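As the structure is a prediction and not an experimental result, all values here were calculated from the model.
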Amino acid sequence: MRRSITGFAFAALLLAGCGTGSGGDSGATVSPSDCAAVPELHASDSGRTVCLAVGGTVRVALDGTKSRPWRPVKADGSGLEAVNSGFVLLPGDANASFRAASEGHVRLSSSRPLCATESGRVACQGIQEWWVTVVVK
């Protein structure tokens, strides 16, 4: 009985992964309704998939604090190239700008401590992750 339940669960998971996705890192086809053009990305956009036309730009503005700073934004994939984003004026912020150089999929990501790091207090080892998938068409 246990083997048939495990087999059924595996089959259900396998079938759930089929079809067109939201464009994540798998390179799946993204329909226009799944993908919005967004010129500036913020912490609230985490988990989204956005579209960008070749030649367009997207800016990332993550507002952090001195005690909970964002790490620099990383771009994994192909299609975007980093351009000058200006100055970061406040400690803890992470700003980045990218120009769409060619068609592709890119995952932009950053992270920061979940809790403020203050001496003499209980430590919190949690991490807040931020990521957005950019589809360049």
Side-chain angles (χ1 to χ4, degrees):
M1 179 70 175
R2 178 175 285 182
R3 179 176 281 180
S4 64
I5 292 173
T6 304
F8 176 74
F10 177 75
L13 289 172
L14 185 62
L15 288 173
C18 294
T20 59
S22 61
D25 294 325
S26 66
T29 302
V30 177
S31 70
S33 63
D34 291 340
C35 194
V38 178
E40 187 165 285
L41 300 167
H42 300 277
S44 61
D45 293 310
S46 187
R48 291 186 68 186
T49 297
V50 298
C51 288
L52 190 60
V54 173
T57 59
V58 65
R59 181 169 160 37
V60 178
L62 301 174
D63 296 329
T65 63
K66 194 173 190 178
S67 63
R68 292 187 58 219
W70 285 103
R71 291 175 108 41
V73 177
K74 283 186 356 182
D76 295 314
S78 63
L80 294 180
E81 61 183 30
V83 295
N84 187 352
S85 64
F87 294 101
V88 176
L89 299 175
L90 298 173
D93 288 358
N95 292 337
S97 290
F98 299 91
R99 185 180 70 78
S102 62
E103 289 188 4
H105 286 74
V106 180
R107 180 182 169 111
L108 301 177
S109 62
S110 182
S111 63
R112 70 178 182 164
L114 192 56
C115 304
T117 54
E118 297 177 25
S119 60
R121 301 238 173 170
V122 174
C124 167
Q125 300 299 317
I127 299 290
Q128 177 183 1
E129 294 186 323
W130 177 89
W131 61 271
V132 170
T133 300
V134 180
V135 178
V136 182
K137 294 184 176 199

Open item on the list: Is any side-chain heavy atom of Phe98 closer than 4.5 Å to one of Val134?
Closed with: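 Counting from C-beta outward, Val134 and Phe98 never come under 4.5 Å.
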Open item on the list: Is any side-chain heavy atom of Ser67 closer than 4.5 Å to one of Cys115?
Closed with: no
Looking at every non-hydrogen atom in both residues, tell me the closest pair between [X] and [Y] and how far apart they are.
{"X": "Pro69", "Y": "Pro113", "answer": "O-CD, 3.5 Å"}
{"X": "Asp45", "Y": "Leu41", "answer": "OD2-CA, 3.3 Å"}
{"X": "Leu52", "Y": "Ala100", "answer": "CD2-CB, 3.7 Å"}
{"X": "Val73", "Y": "Ala94", "answer": "CG2-CB, 4.3 Å"}
{"X": "Gly79", "Y": "Val136", "answer": "O-CG2, 4.0 Å"}
{"X": "Ile127", "Y": "Ser111", "answer": "CG2-CB, 3.6 Å"}

Are any side-chain N or O atoms of [X] and backbone N or O atoms of [Y], one a donor and one an acceptor, separated by less than 3.5 Å?
{"X": "Arg68", "Y": "Leu114", "result": "yes"}
{"X": "Asp93", "Y": "Gly64", "result": "yes"}
{"X": "Trp130", "Y": "Arg112", "result": "no"}

Open item on the list: Are more than 12 heavy atoms, taken from residues, nucleotides or ligands other than Arg71, located less than 6.0 Å from that residue's CZ atom?
Closed with: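 No, not enclosed.
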Open item on the list: List the residues meeting side-chain contact (heavy atoms from CB on, under 4.5 Å) with Arg99, not counting sequence neighbours, and say none if there are none.
Closed with: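 Thr57, Glu81, Val83, Ala101.
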Task: Same apolar cluster: Leu108 and Val54, side chain cutoff 4.5 Å - done: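 The answer is yes; both residues are in one hydrophobic cluster.
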Task: NE2 on His105 to OG1 on Thr133, rounded to 0.5 Å - done: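 So the OG1 of Thr133 and the NE2 of His105 are separated by 8.0 Å.
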TODO: Look up atom OG1 in Thr49 and atom CZ in Arg107, then write down how far apart they are to the nearest 0.5 Å.
DONE: 10.0 Å
